[in-house]
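Following: one structure in structure tokens, then a few remarks.
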Number of protein chains: 2
Amino acid sequence: MKIGILGTGIVGKTIASALISNGHEVKIGSRSAKNEKNIAFVAMAANKNASAGTFADAAAFGEIIFNCTAGSASLDALKLAGATNLDGKILVDISNPLDFSKGMPPSLSVCNTNSLGEEIQKEFPDVKVVKTLNTIWSKLMVNPSLVNYGDHNVFICGDDEAAKKVIIDLVLIPFGWLKKNIFDLGDITKARGTEMYLSLWLSLYGTIDSGAFNVKIVR
Amino acid sequence: MKIGILGTGIVGKTIASALISNGHEVKIGSRSAKNEKNIAFVAMAANKNASAGTFADAAAFGEIIFNCTAGSASLDALKLAGATNLDGKILVDISNPLDFSKGMPPSLSVCNTNSLGEEIQKEFPDVKVVKTLNTIWSKLMVNPSLVNYGDHNVFICGDDEAAKKVIIDLVLIPFGWLKKNIFDLGDITKARGTEMYLSLWLSLYGTIDSGAFNVKIVR
């Protein structure tokens, strides 16, 4: 399938590489088509299924779009991508509203009674926002077997039930997530919980001194 | 040891019962010494190690104090308990700043760049605040073996290293928590993460339809 990736940071490149490995055609987009990371990624991928362009190019290209931009830049990036290029499509939102402007650890620019996932859904009401993978270290997103034989949880939420099912079958299971470990929390308001968990995640990351961990819900 | 419990709700009663089972002398405190739940608890416990009184009575009695009041009432309850009764002692803070005034699910009255644990520590600088157990269903707090053979995590944080060690040895391990699963996150600012996790906990609780679950950190 044709997939557009917004963001050329570590998350964008990791997701793009994994999707290309799974046989998808990927266009990675950034603010400028001449973005160095963008060009470097395509050169590195050296794959007919990898291409690069602007946010709008990537959004127009993709049948499904991934938001892998920094949370502080996400709404701007999506506006540059353009509602006409996004409307009717699934937008997988992996971003977190981390605010580094007040020092470390970062706080959240939105939380508690709102979330970035909801802000994006409100700004683009005709887009099917699916929030997932945002609670997990980038390397682990696409290779859950790196820890505990892949037996740990990924959360998913969003208002469109069919869109969540597409992302589970087309993205999460091919990445290696076990169906029993994909936890559907409900509608897009549930993004609050997964984004606010970042505060605990950052403490755990600081204590463990590695991103190679995740939570497993036990009952 | 003599332990004072502030709060006669389900958490206070559960913790008090478990501490009595472990051989401690417990005084459970509420706003009024004639609180019905208070009197009922002592009658139910029917144990020479159970007694009841006001918040101040419980705080004066205990060598260690547990804050098991609702988060919205905690600072008031602690002021009624009185700094002179609390100073120099360990205060185990199990509360969460849940705000039910705007409907369900509750939001947090403080979060992101602050936490209730920190608020309590600031209000009572001579008290050794240890935040723990607040991420866990009450029945599971005192009986972790209820799920996954007891193999899941409890978090602890606070500024006083010796106080955390006392609570691990005197409370958490006797309750059944495995030493390897007691996760010290650091100083009291880490209460932000464990309190903000409540948003995800509430989503999980809604989906699982039971409180008999917890997270296990896998690496």
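Numbered from 1 within each chain, the chains take letters A, B, ... in sequence-line order.
If you look at A:Trp201 and A:Phe213, their ring centroids are closer than 6.0 Å.
Heavy atoms from other residues, nucleotides or ligands lying under 6.0 Å from NZ of A:Lys122 number more than 12.
Of the listed residues A:Val218, A:Asn148, A:Val147, the one with more heavy-atom pairs under 4.5 angstrom with chain B than any other is A:Val218. Contact tally against chain A (heavy-atom pairs below 4.5 Å) for B:Ile208, B:Thr194, B:Thr113: the top residue is B:Ile208. Interface summary for chain A: among B:Asn214, B:Thr135, B:Val215, the most heavy-atom pairs under 4.5 angstrom belong to B:Asn214.
A:Asp159 has no carboxylate O lying under 4.0 Å from a charged side-chain N of A:Lys128, or vice versa, which leaves the two without a salt bridge.
The shortest non-hydrogen separation linking B:Lys89 to B:Ala59 is NZ-O, 2.7 Å.
Proximity to chain B involves both the backbone and the side chain of A:Ser107, based on heavy atoms less than 4.5 angstrom apart. Of the atoms belonging to B:Asp99, not a single heavy atom falls under 4.5 Å from chain A. At a 4.5 Å heavy-atom cutoff, A:Asn153 makes no contact with chain B through either its backbone or its side chain.
Partner of A:Lys131 under the salt bridge (Lys or Arg N to Asp or Glu O under 4.0 Å) criterion, out of A:Asp184, A:Asp160, A:Asp93, A:Asp187: A:Asp93 alone.
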